[in-house]
Amino acid sequence: MKSPLLSLPGAVSAEGVDEGVAAHYGDLFREQRALADGTGFVDLSHRGVITVTGEDRLSWLHLLLTQHVSDLPTGQATEALVLSANGHIEHALYLVDDGTTVWAHVEPGTQETLLAYLESMKFFYRVEVADRTADIAVVHLPAGSIAEVPEGVVVEETAYGRDLFLPRADLESYAEKAGPAAGILAHEALRVEHHRPRLGFETDHRTIPHELGWIGTAVHLQKGCYRGQETVARVQNLGKPPRRLVFLHLDGSEVHLPAPGTELRVADEAPDGRKIGFITTSVRHHELGPVALALVKRNVPVDAPLMADTTAAAQEVVVEP
């Protein structure tokens, strides 16, 4: 779904999964600094939006999600995952309940499969699920923003800012009041700075929550049964995850950033040495320079200098080995 805000001055369309919104509006670092200072907004209208209504909505979701939501207070935002039977991450939801409806935004293009799964699990519960992507757009206001929120708009407030579930028809008029606009690349740079994983970027078909630090923030360890819980409990109580998320400071003299999927090796080993991980997201940060998130094998020493192809990288621990 192409955003009308691509008509704003300087807008350059994003590519890949973020296609449909602006990558930037002509000045990536200015846009990052604005968000870091609590000004401006980010158009996330390409993200999927799902609602759940009905008397049983919270107790029903509690059975399906990794997060404890049966007693979720009205207006309190939370993150949650849907796992496979083997504990691998399938969906990530960012949700809030407004007292009558649970509102959740998800990765672009994942709402259809998530909706199909939820529909298949309704059984006798008094719930209704709906795909609201066509009429609701997500807009992000950074932490510290004093931008006005239109009356009646549902807000998901987190430590990183506020996500607004805005009527899509109001997107252009709201942008005129909430500017300056910042692109998805600025939003991604701050996400990487804060070590926040993203479904489809830091995850692959075998990722489990422990590898990304999603235990606690998106996975509640003292709740009842849900699909994949056995794997979560087993790794938490009896073992360690096979991989761990790291933050990388990249050599700033390189012209090009290592692309997602670039294999990592320990720097003092031969160029054709063993591969110990891969880049998941790489960005240019307005203060930190070129940085990245990556998944590495758990037993890689935390002080080992790494190489991403020909780019030197220094680790910073995100998930403890």
Side-chain angles (χ1 to χ4, degrees), residues 14-18 23-24 28-29 31-33 35-36 42 79 89 92 107 159-160 182-218 240-321:
E15 299 178 347
V17 70
D18 289 322
H24 60 82
L28 173 62
F29 289 156
E31 294 165 31
Q32 284 187 38
R33 287 192 289 270
L35 293 181
V42 183
E79 301 177 24
I89 300 170
E107 286 298 325
Y160 306 101
I184 193 70
L185 291 182
H187 188 262
E188 283 290 279
L190 300 189
R191 177 180 72 82
V192 171
E193 176 193 5
H194 294 132
H195 308 164
R196 299 177 63 203
R198 183 177 173 188
L199 183 79
F201 287 64
E202 280 61 59
T203 67
D204 56 23
H205 67 283
R206 59 192 180 97
T207 306
I208 60 175
H210 311 70
E211 296 177 320
L212 304 183
W214 253 329
I215 301 296
T217 59
K240 295 282 188 177
R243 303 176 297 183
R244 58 184 178 87
L245 186 69
V246 296
F247 179 75
L248 298 179
H249 295 271
L250 303 172
D251 181 358
S253 65
E254 295 286 341
V255 175
H256 300 290
L257 289 171
T262 300
E263 294 182 329
L264 295 167
R265 60 179 175 84
V266 176
D268 59 5
E269 296 185 2
D272 59 350
R274 66 190 178 99
K275 304 303 185 288
I276 53 84
F278 60 92
I279 298 286
T280 58
T281 305
S282 56
V283 298
R284 295 191 185 278
H285 191 275
H286 71 287
E287 290 183 339
L288 302 175
V291 292
L293 293 175
L295 276 175
V296 301
K297 293 181 178 178
R298 178 176 56 84
N299 59 2
V300 174
V302 297
D303 57 351
L306 305 179
M307 295 293 294
D309 196 7
T310 60
T311 302
Q315 295 181 69
E316 190 173 306
V317 174
V318 177
V319 174
E320 294 290 339

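Computed from heavy atoms alone, side chains included, the values below leave out hydrogens, waters and symmetry copies.
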Original post:
Which value, rounded to the nearest 0.5 Å, describes the distance between Ser282 atom OG and His256 atom NE2?
Top reply: 12.0 Å
Subject >> Side chain to side chain, Pro242 and Glu211, heavy atoms closer than 4.5 Å >> reply: yes
Original post:
Is it true that Glu202 and Arg196 have a side-chain N and a carboxylate O under 4.0 angstrom from each other?
Top reply: no
Subject >> Leu185 vs Asp18 side-chain heavy atoms within contact, under 4.5 Å >> reply: no
**OP:** Can you measure from OG1 (Thr207) to CG (Leu295) and round to the nearest 0.5 angstrom?
**Re:** 6.0 Å
**OP:** Answer yes or no: is there a side-chain heavy-atom contact under 4.5 Å between Leu245 and Leu293?
**Re:** yes
**OP:** Measure from the side-chain N and O atoms of Asp309 to the backbone N and O of Thr311, and report whether any donor-acceptor pair falls under 3.5 Å.
**Re:** no
Subject >> Salt-bridge criterion met for Glu287 and Arg33 (N-O under 4.0 Å) >> reply: no
Original post:
Between Thr280 and Pro260, which heavy-atom pair has the shortest distance, and what is it?
Top reply: O-CB, 3.4 Å
**OP:** Please assess Phe29 against Arg284 for the test side chain to side chain contact (heavy atoms under 4.5 Å, CB included), listing each intermediate value before the final yes or no.
**Re:** CA-CA 9 Å; Phe29 289 156; Arg284 295 191 185 278; 4.1 Å; yes
Subject >> From CA spacing to verdict: side-chain hydrogen bond (donor to acceptor under 3.5 Å, both in side chains), Arg191, Thr281 >> reply: CA-CA 10 Å; Arg191 177 180 72 82; Thr281 305; 3.1 Å; yes
Original post:
Per the ring pair (Phe, Tyr, Trp, His ring centres under 6.0 Å) rule, which among His194, His187, His195 passes with Tyr160?
Top reply: His194
Original post:
Could you state the interatomic distance from CD1 (Ile276) to CZ (Arg265), rounded to the nearest 0.5 Å?
Top reply: 10.0 Å
Subject >> The single option from Met307, Arg274, Lys275 passing side-chain contact (heavy atoms from CB on, under 4.5 Å) against Val266 >> reply: Arg274
**OP:** Check the pair Ser253 / Asp251 against side-chain hydrogen bond (donor to acceptor under 3.5 Å, both in side chains), numbers first and verdict last.
**Re:** CA-CA 6 Å; Ser253 65; Asp251 181 358; 2.8 Å; yes
**OP:** Might you point out which heavy atoms bring Leu264 and Ala308 nearest each other, and give the distance in Å?
**Re:** CD2-CB, 3.5 Å
Original post:
Can you find a side-chain donor-acceptor pair between His24 and Glu31 that sits under 3.5 Å?
Top reply: no
Subject >> Electrostatic pair Arg244:Glu320 at N-O distance under 4.0 angstrom >> reply: no
Original post:
Looking at side-chain heavy atoms only, is the closest gap between Phe278 and Thr262 below 4.5 Å?
Top reply: no
Original post:
Between the main-chain N or O of His286 and the side-chain N or O of Gln32, is there a donor-acceptor pair closer than 3.5 Å?
Top reply: yes
Original post:
Are any non-hydrogen side-chain atoms of Trp214 and Ile208 less than 4.5 angstrom apart?
Top reply: no
Original post:
Between CZ of Arg243 and CG of Asn299, what distance do you get to the nearest 0.5 Å?
Top reply: 13.0 Å
Original post:
Just by distance, do the side chain of Gln315 and the backbone of Ala304 share a donor-acceptor pair under 3.5 Å?
Top reply: yes
Subject >> Nearest-0.5 Å distance that lies between atom CD in Glu15 and atom CD1 in Ile184 >> reply: 13.5 Å
Original post:
Could you give the distance from CD (Glu107) to CG (Leu199), rounded to the nearest 0.5 Å?
Top reply: 5.5 Å
**OP:** Taking the side chain as every heavy atom from C-beta outward, state whether Pro290 and Leu257 have any pair of such atoms under 4.5 Å apart.
**Re:** yes
Subject >> Shortest non-hydrogen contact between Pro321 and Val302, atoms and distance >> reply: CG-CG1, 3.8 Å
Subject >> Student check: side-chain heavy atoms of Val317 and Val246 closer than 4.5 Å >> reply: no
**OP:** Looking only at non-hydrogen atoms, find the nearest pair between Leu250 and Ala313 and report the distance.
**Re:** CD2-CB, 3.8 Å
Original post:
Does Val319 reach the side chain of Leu212, with side-chain heavy atoms less than 4.5 Å apart?
Top reply: no
